[in-house]
Amino acid sequence: MAKHIFVTGGVVSSLGKGLTSASIGMLLEQRGLRVRMQKLDPYLNVDPGTMSPFQHGEVYVLDDGTETDLDLGHYERFTHATLNKQCNMTTGRIYLSVIEKERKGDYKGKTVQVIPHVTDEIKSCIRAMVTPEVDVVITEIGGTVGDIEGMPYYEAIRQFALDVGKHNCLFVHLTLVPFLKAAGELKTKPTQRSVRDLREIGIQPDVLICRTEHKIPEEERKKIALFCNVEQGAVIEEKDKEFSIYEVPLSLADNKLDELIVAKLGLTHAKPLDMSEWRSMLDRMRHPAHEVTIAFVGKYVKLRDAYKSVYEALDHAGIANHAKVRVCRIDSEDLRSKDADDHETAWRDLRAADGLLVPGGFDRRGIEGKIDAIKFARETGLPFFGICLGLQCATIEFARHVAGLTGANSTEFDKTAPHPVVCMLEEQVNVTNLGGTQRRGAYPCHLKPGTKARAAYGADVVSERHRHRYEVNNAYRERLEAAGFVFGGTSPTGDLVEAIELPNHPWFVAVQSHPEFLSKPTKAHPLFRDFISASLEHKRLRTAGDRGLA
């Protein structure tokens, strides 16, 4: 029978429940156990797909096209767990399902209530994660204990433990132990209050993971254990990580969390923990042989979580190249800013960079700044990597300034553009099968021999995840190719452009997909890896030129 671990959070939000859940999953995998991961989000949106990146951070996309919370990115980067639409449920989806059942008469005339109908729906979502191939299901509850919108979830997992037997469930509570500078001491009262809130619901945490800026003295751990009714050995210190989030699993392992979980859940078939590969990866991160600066020109750069997976993929590429990747975030609007200081700073940063990355996004704001940056990279030989909207902007830039298509644009930004080189599928004459809806999830891509993309992947056919609505207009492909544009990857039928590049450029590659979703710290995505490699070479040549050695 599968065991269940429920991860909750208290005191404040953004403590790192997602990272903690992913780290627990990784530790159990490294002990030979098979895990599945799930997040239950209390917000009323059906999914985060329509939410602004400034509200919720990036939208993470799975192979099946499900738009999910960014924490599922942590799950995939840390573990090998298979994720699908069952792995991220929201209150919106829960209530939608309940209401649909009510409309169909499934409740046979009963008054539909939060208890038992909503809580039963939540429990069914948890049970759906269990298969014969799973040893442990890890379910993270979003939000903070005490939030009114989260109450049905806490009630549901309380009931769930009774349904399957307490010996098959483990409650892990992540909390904050703040340090008051004025008093010069750590304060345990917030943790006590948070646990009290859980216990009032009927949940007694088995493990407390205490986020802290300072080491927790033994006396304070005893105090937390006593007042929270938790074994002292189950009070786990989790100090803030200044170097990398990838230190979290090792920190938890050093605190013997994996041993505690294995013992409490009776996972007798678990193997000894082996973190050698992970430690080796972190050692490469700590001692890079090189350093490279990447200009990151985006629309949402003021919020780091808006491009979370891209930043992580750059770090992974740095590890693969034994390099420290420094990301210089440039707001694309600043490249066209009327403010002289913002404009000058943005261009100075771009000119000083060793490579340019233009990520995905939606709507017209900041687009012209992205196009200007891409033009600079094309003309100066600066390595360029475009992702989703980055490919579309590169297509527009090349059409305008090389192919001579004055006024070229995307119909997303200009419905009356004289040359709509990027448009919705339904606007194309020879592609009508997919309509104009968003293309999401994994799609195959056939790579053209002799291209940099083909060399990076080392394969003729690859699969990448998508999340976009606009495509390169097939009506302009011949004219763009005649001007030197290379369509390095297409869909199996050849109808959809998946990758482009320029042959007479050190490294100018863009893809319609989101390759960042498939990158891992121990296995960098090949396109990110080769982009960083090209940027390092660009830096080497530029440095040699400055010294008169080129």
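If you read the sequence from its start, that first residue is 1, and numbering goes on from there. Given the structure is predicted, the values throughout are model-derived calculations rather than measurements.
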Determine, step by step, whether Arg158 and Glu155 satisfy the salt bridge (charged side-chain N to carboxylate O under 4.0 Å, His left out) criterion, reporting the C-alpha distance in whole Å, the side-chain angles of both residues, the deciding distance to 0.1 Å, and the verdict.
CA-CA 5 Å; Arg158 180 195 70 78; Glu155 172 61 20; 2.7 Å; yes

Taking the six-membered ring for Trp, are His525 and Tyr457 ring centroids under 6.0 Å apart?
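Ring-ring flag for His525/Tyr457: true, centres closer than 6.0 Å.
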
For the rings on His316 and Tyr246, is their centre-to-centre separation under 6.0 Å?
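So the answer is yes for these two rings.
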
Pair [X] + [Y]: basic N to acidic O under 4.0 Å:
X	Y	value
Asp163	Lys123	yes
Arg467	Glu67	yes
Glu140	Lys39	yes
Arg365	Glu333	yes
Glu231	Lys264	yes
Lys415	Glu412	no

Kindly compute the distance separating [atom1] ([X]) from [atom2] ([Y]), expressed to the nearest 0.5 Å.
X	Y	atom1	atom2	answer
Leu28	Ile138	CG	CD1	5.5 Å
Lys101	Leu96	NZ	CG	11.5 Å
Phe160	Phe6	CZ	CZ	5.0 Å
Leu273	Asp258	CG	CG	4.5 Å
Asp47	Asn88	CG	CG	8.5 Å
Asp206	Leu265	CG	CG	8.0 Å

Could you check whether Arg439 makes a cation-pi contact with Tyr443, meaning its NZ or CZ is under 6.0 Å from the centre of the six-membered ring and within 45° of the ring axis?
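The answer is yes, since Arg439 meets both limits relative to Tyr443.
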
So, for Ser519 and Arg77, which heavy atoms are closest and what is the spacing to 0.1 Å?
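Residues Ser519 and Arg77, closest heavy atoms: O-CG, 3.5 Å.
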
Take Val358 and Leu389 through the test side-chain contact (heavy atoms from CB on, under 4.5 Å) and record every step on the way to the result.
CA-CA 8 Å; Val358 175; Leu389 181 60; 5.9 Å; no

Run the side-chain contact (heavy atoms from CB on, under 4.5 Å) test on Leu176 and Cys210 for me, step by step, so that the C-alpha distance in whole Å, both residues' side-chain angles and the decisive distance to 0.1 Å come before the verdict.
CA-CA 6 Å; Leu176 177 68; Cys210 301; over 6 Å; no

Within a radius of less than 6.0 Å around [atom1] of [X], do more than 12 heavy atoms belonging to other residues, nucleotides or ligands occur?
X	atom1	result
Lys166	NZ	yes
Gln113	CD	yes
Arg34	CZ	yes
Lys189	NZ	no
Ile148	CD1	no
Glu200	CD	yes

[X] and [Y]: side chain donor to acceptor below 3.5 Å:
X	Y	answer
Ser194	His173	yes
Tyr153	Thr91	yes
Glu464	His514	no
Gln192	Thr188	yes
Ser309	Glu58	yes

Residue pair Lys302, Asp331: steps toward the salt bridge (charged side-chain N to carboxylate O under 4.0 Å, His left out) verdict
CA-CA 8 Å; Lys302 292 181 174 63; Asp331 190 317; 2.8 Å; yes

Taking C-beta and beyond as the side chain, do [X] and [Y] meet within less than 4.5 Å on heavy atoms?
X	Y	result
Phe517	Leu62	no
Tyr75	Leu72	yes
Gln512	Cys388	yes

Evaluate salt bridge (charged side-chain N to carboxylate O under 4.0 Å, His left out) for Glu100 paired with Lys104, printing each intermediate quantity in order.
CA-CA 6 Å; Glu100 287 174 345; Lys104 290 189 295 183; over 6 Å; no

I need the full list of ring pair (Phe, Tyr, Trp, His ring centres under 6.0 Å) pairs touching residues 8-53, with sequence neighbours left out, sorted by first then second residue.
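For residues 8-53, and leaving out neighbouring residues, the ring pair (Phe, Tyr, Trp, His ring centres under 6.0 Å) pairs sorted by first residue read Tyr43-His56.
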
Salt bridge (Lys or Arg N to Asp or Glu O under 4.0 Å) partner of Arg465, the single match among Glu76, Glu516, Glu498
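Exactly one option meets the salt bridge (Lys or Arg N to Asp or Glu O under 4.0 Å) with Arg465, and it is Glu76.
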
